[in-house]
Structure formats: structure tokens, C-alpha cells
Amino acid sequence: MREVKPHVLIVEDEPSQRAVLAYNLESEGFRVTEAEDGDAALLMVAEETPDLIVLDWMLPGVTGIEICRRIKARPETRSLPIIMLSARNEEVDRVRGLETGADDYVVKPYSVSELMARVKSQLRRTRPAGVGETLSFEDITLDAETHRVQRDGQPIKLGPTEFRLLATFLERPGRVWSREALLDRVWGRDVYVDTRTVDVHIGRLRKALCAHGGGDPLRTVRGAGYALG
Ligand code: CA
């Protein structure tokens, strides 16, 4: 079973640098995948969109800038945060990096703690539950650090899957999630689970959220999926 932990893709051609990055990101509790060049990176993004990319500028073949441009040009991946790494420190390059749509830019050699802080800062915006933030919607709050959920001040007991489902909904209130998208996010892509399983867990989540009264905050969108609010 997959955690709510965010998925970070590292694109870096130097194995030692990739290893250091992977080690530190995993220590911070992230799920890490690695690509050693641009073509591999683009394939991996098409296969399973990560929550953030740490992208080296200088790569063999397709450059980091070109990868960034292509990812930001596609509507499905436009909001995917990208942090560019570069040995270049010229102001003009910094401007070019940001012009391609990179969300942040870190110059090599960088301090690992600084880079981790920037990764978390990007994810706080897009995957707040994944970096231990407290999420709330109307009278529901979820503390991703302590795994406590409350509704109108009353504790709500949730199983691990229902917890991940609720965290996913709370990260994007109003968004309609298809069963397939929920399977990818909550169960992970590699796990074979029938889409009806999603309905079962949604049912349990609804029951738990309404245990102390209050209306059903989850909306069933016919033919599309589920949404919070
Ligand atoms: Ca490089």
C-alpha cells in the first residue's frame, strides 16, 4: 500500500549526485524514482506523473531546459513543480531557467538542506498532506503528521486507506477524482485493485465522517467519480 508520501523524480546523469539526492529525499520520507537522461525522464513522466521533479540542467541528449519546456507545455503536467539544478550561476541563465517555467532554481554546488527546504516548499503548495501539513475543509481537519482526523472537534477513526483517500480529497477540494485516478494516488499504479474497491472504501470513509452527525461531504459525480464539497 502506498503512503500519502509524495513522489519525487530525480533527473541527473551523474550517478554519485543522483545517489546523494535519492538518499536525502528518501530520508525525508519521499518516494523516489530516478532517470539518467531526458528521454528516460519524459517516458517516466508520461507513465506516472510524479509530484515534483528535481531536474539537472546539463544532461546528455535532451537538455534539462528542453525537458522543462516540454513538461510545462502539456496541460496535464503544467502544474507539476520543477526545481532546476545547474552549475551555471550567471544571471542570464537563471532568467532563462525561470522563463522555461521552472518553479525554482538551485545552483550547484548546493547545500542538501537548502534543496530539501525548497522541495518541501514546492510540495507544501501542491501536496500539503505529503509534507505533514494540517489540511482542512469546512469542519473536517486532517493532521498529516499525527494522522489525526477530526470533524467538528470530534475525533474520526479511519483505516489507512480511508485516511489516504481523505488526504487526497483534502489536498484538492472540489476536484472530481475518477476511480482510476484515486487508485493511482491511493493504492499506487503497480497494485491491481478493482475499481469497485474504491467504492467500498469511499463508503467506509463516508460512514466514518458522518459518525457523529453532519452531512455527507463527499459528492458522487455520475460517470466521473468523487469529489469533496
Ligand atoms: Ca549533469
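Counting starts at 1 for both ligands and their atoms, in listed order. Atom set for the values below is all heavy atoms of this structure, side chains included, hydrogens, waters and symmetry mates excluded.
- For a distance bound of 3.0 Å, the N, O or S atoms of Met58 include one lying that close to the Ca ion (ligand 1).
- Tested against Thr33 for a side chain to side chain donor-acceptor pair (under 3.5 Å), the candidates Glu48, His7, Glu47 yield a single pass: His7.
- Here Lys207 does not pair with Glu162 in a salt bridge; the nearest charged N to carboxylate O distance is not below 4.0 Å.
- In Asp56, the N, O or S atom that comes nearest to the Ca ion (ligand 1) is OD2.
- In terms of modelled atom types and a separation under 3.5 Å, the side chain of Lys157 and the main chain of Val149 share no donor-acceptor contact.
- Atom OD1 is the N/O/S atom of Asp13 found closest to the Ca ion (ligand 1).
- Using a 3.5 Å distance cut-off with no hydrogens or angles, the side chains of Arg125 and Ser79 do not pair a donor with an acceptor.
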